[in-house]
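Beneath this line is the structure, given in structure tokens, with notes to follow.
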Amino acid sequence: MTKAPVRVTVTGAAGQIGYSLLFRIASGEMLGKDQPVILQLLEITPSLPALKGVVMELEDCAFPLLAGVVQTDDPNIAFKDTNYALLVGARPRSKGMERKDLLEANGAIFTVQGRALNDVAARDVKVLVVGNPANTNALIAMNSAPDLPRQNFTAMLRLDHNRALSQLATRTGKAVTEIEKMIVWGNHSPTMYPDIRFCSVAGQNAVGLVNDEAWYRDTYIPTVGKRGAAIIEARGLSSAASAANAAIDHMRDWALGTNGKWVTMGVCSDGSYGIPEGIIYGMPVTCAGGKWELVKGLEIDAFSREKMDATLQELTEERDGVKHLLGK
Ligand code: NAD
Ligand code: LMR
């Protein structure tokens, strides 16, 4: 029997990431090859003609699972009854900027969109914030939607998680599929902390296998943390296809489950691991039955505490910088 269509909102749909994302969602890569979708696409008014062109291309794919497309510049239309909301639309940084430099430019977008989600989205909507600075924008959206459960709001650290897997696979000469229990703690920024202490690679403990603390601390951690900037430097544009891929991974795992596998999501802290309640922080989670659950009880050593506190400090500063947008 055919499933009923679900509604998927993508903001900034005519942008770079949108162009890599929409076709994969419509082909069933995000929610499964048996799940029809209605795409509800939000853009700013001047970009509606470009969005029209993207929608013409979607039509030309004749995707069997694409049950409808809405194009709009009105958040209340884009988020109406939506089940999945991918908040991509925001300005990307250019060379020399840090992601937090975007706070002023992008923060306001997420109050408007959080309110619209609060007013018109499905009550179990799954929200993924991709637009930078992703953690703090997710915080703004979550605080602007007081009627929705906080666990509905997440920020994208999956690109960092995937980068961490790929760098470790290269170093150890193993496949990414052989790595388990990767974690990237904290902010989607160079302060993030890719933690391999619990990782196994092809059944062996990653720390033992790497056996080079200096490489881990001085090369691996900064390479993962600064990968976004390295791509901007090389491409002249911020990452797009890999970001769209990470968004698909994040939503697919949340919706369809991880079978016990750990993945990193930016989620609202419940106070675990010394991260104050209410901060959106990269954490290890498993997903089942459409819900994410924090991996609890991990030991935090002195080095990890220092790294986790440094990225927390940055998030607290970002939060303080947008206090006026948090409604408190
Ligand atoms: P882009 O400039 O190509 O596209 C952004 C689109 O958003 C544009 O079409 C723009 O018109 C639209 N937009 C702007 N304001 C909007 C609003 N209020 N409502 C709806 N649409 C709006 O940028 P991109 O390369 O697609 O990147 C989008 C965002 O994603 C940037 O902030 C970028 O930094 C971020 N990003 C995050 C990650 C991550 O890992 N979290 C990775 C890559 C990029
Ligand atoms: C990335 O990590 O590639 C994105 O967040 C883009 C950026 O500004 O680094």
Side-chain angles (χ1 to χ4, degrees), residues 9-22 40-54 70-79 85-117 128-138 140-141 154-164 166 184 186-192 194 223-251 264-266 280 282:
T9 301
V10 178
T11 75
Q16 286 204 90
I17 296 176
Y19 198 67
S20 291
L21 188 56
L22 301 180
Q40 305 193 155
L41 308 178
L42 181 69
E43 259 298 346
I44 51 173
T45 314
S47 296
L48 287 176
L51 180 60
K52 188 171 173 211
V54 177
V70 173
Q71 304 170 55
T72 182
D73 58 3
D74 180 347
N76 287 310
I77 295 174
F79 292 121
L86 291 88
L87 274 48
V88 179
R91 197 183 134 190
R93 65 175 168 154
S94 37
K95 282 185 194 181
M97 288 172 89
E98 274 311 336
R99 295 181 188 104
K100 67 180 172 203
D101 298 334
L102 296 171
L103 260 184
E104 244 347 280
N106 290 340
I109 295 175
F110 293 85
T111 47
V112 173
Q113 295 185 0
R115 276 188 213 128
L117 282 161
L128 168 63
V129 176
V130 174
N132 278 318
N135 298 53
T136 298
N137 288 338
I140 295 169
T154 64
M156 192 162 93
L157 274 98
R158 186 58 174 263
L159 181 52
D160 311 302
H161 181 99
N162 289 347
R163 287 167 172 165
S166 170
V184 183
N187 198 6
H188 173 63
S189 87
T191 64
M192 73 181 78
T223 299
V224 174
K226 293 182 187 157
R227 187 72 166 180
I231 286 167
I232 293 170
E233 187 61 38
R235 233 170 69 84
L237 287 169
S238 78
S239 66
S242 55
N245 180 66
I248 298 265
D249 284 351
H250 178 116
M251 280 304 209
T264 302
M265 288 169 61
I280 304 274

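Start at 1 and go down the list; that is how both ligands and their atoms are numbered.
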*Write down the atom of Leu86, the atom of Ala247, and the distance for their closest heavy-atom approach.*
CD2-CB, 4.1 Å

Would you say [X] contacts ligand 2, with heavy atoms under 4.0 Å as the rule?
X	result
Asp160	no
His188	yes
Asn132	yes

In the structure I gave you, are the side-chain heavy atoms of [X] and [Y] within less than 4.5 Å of one another anywhere?
X	Y	answer
Met192	Arg163	no
Leu117	Leu87	yes
Arg227	Ser239	no

Can you list the ligand 2 atoms lying under 4.0 Å from a non-hydrogen atom of [X]?
X	result
Ile232	7 (C), 8 (O)
Arg163	1 (C), 2 (O), 3 (O)
Arg93	7 (C), 8 (O), 9 (O)

*Gln113 pairs by side-chain contact (heavy atoms from CB on, under 4.5 Å) with which of Thr9, Ile140, Thr11?*
Thr11

_Does either side chain, that of Asn162 or that of Asp249, offer a donor lying less than 3.5 Å from an acceptor on the other one?_
yes

*How far does CD1 of Ile17 sit from CG of Asn245, to the nearest 0.5 angstrom?*
11.5 Å

*Any chance you could measure Gln71, atom CD, to Ile77, atom CD1, to the nearest 0.5 Å?*
12.0 Å

*Output the set of protein residues with a heavy-atom contact under 4.0 Å to ligand 1, ordered first by chain identifier and then by residue number.*
Gly12, Ala14, Gly15, Gln16, Ile17, Leu42, Glu43, Ile44, Ser47, Val88, Gly89, Ala90, Arg91, Pro92, Ile109, Gln113, Val130, Gly131, Asn132, Ala134, Met156, Leu159, His188, Ser238, Ser239, Ala243

*Applying a 4.0 Å heavy-atom criterion (strictly less than), which segment of Arg227 is in contact with ligand 2: side chain, backbone, both, or neither?*
neither

*Could you please spell out the steps behind the side-chain contact (heavy atoms from CB on, under 4.5 Å) verdict for Ile232 and Met97?*
CA-CA 10 Å; Ile232 293 170; Met97 288 172 89; over 6 Å; no

_Partner of His188 under side-chain hydrogen bond (donor to acceptor under 3.5 Å, both in side chains), chosen from Asp160, Thr136, Asn135, Asn137_ = Asp160

*asked:* Using a 3.5 Å cut-off on N or O atoms only, is Ser238 in polar contact with ligand 2?
replied: no

*Contact (N/O only, under 3.5 Å) between Ser239 and ligand 2*: yes

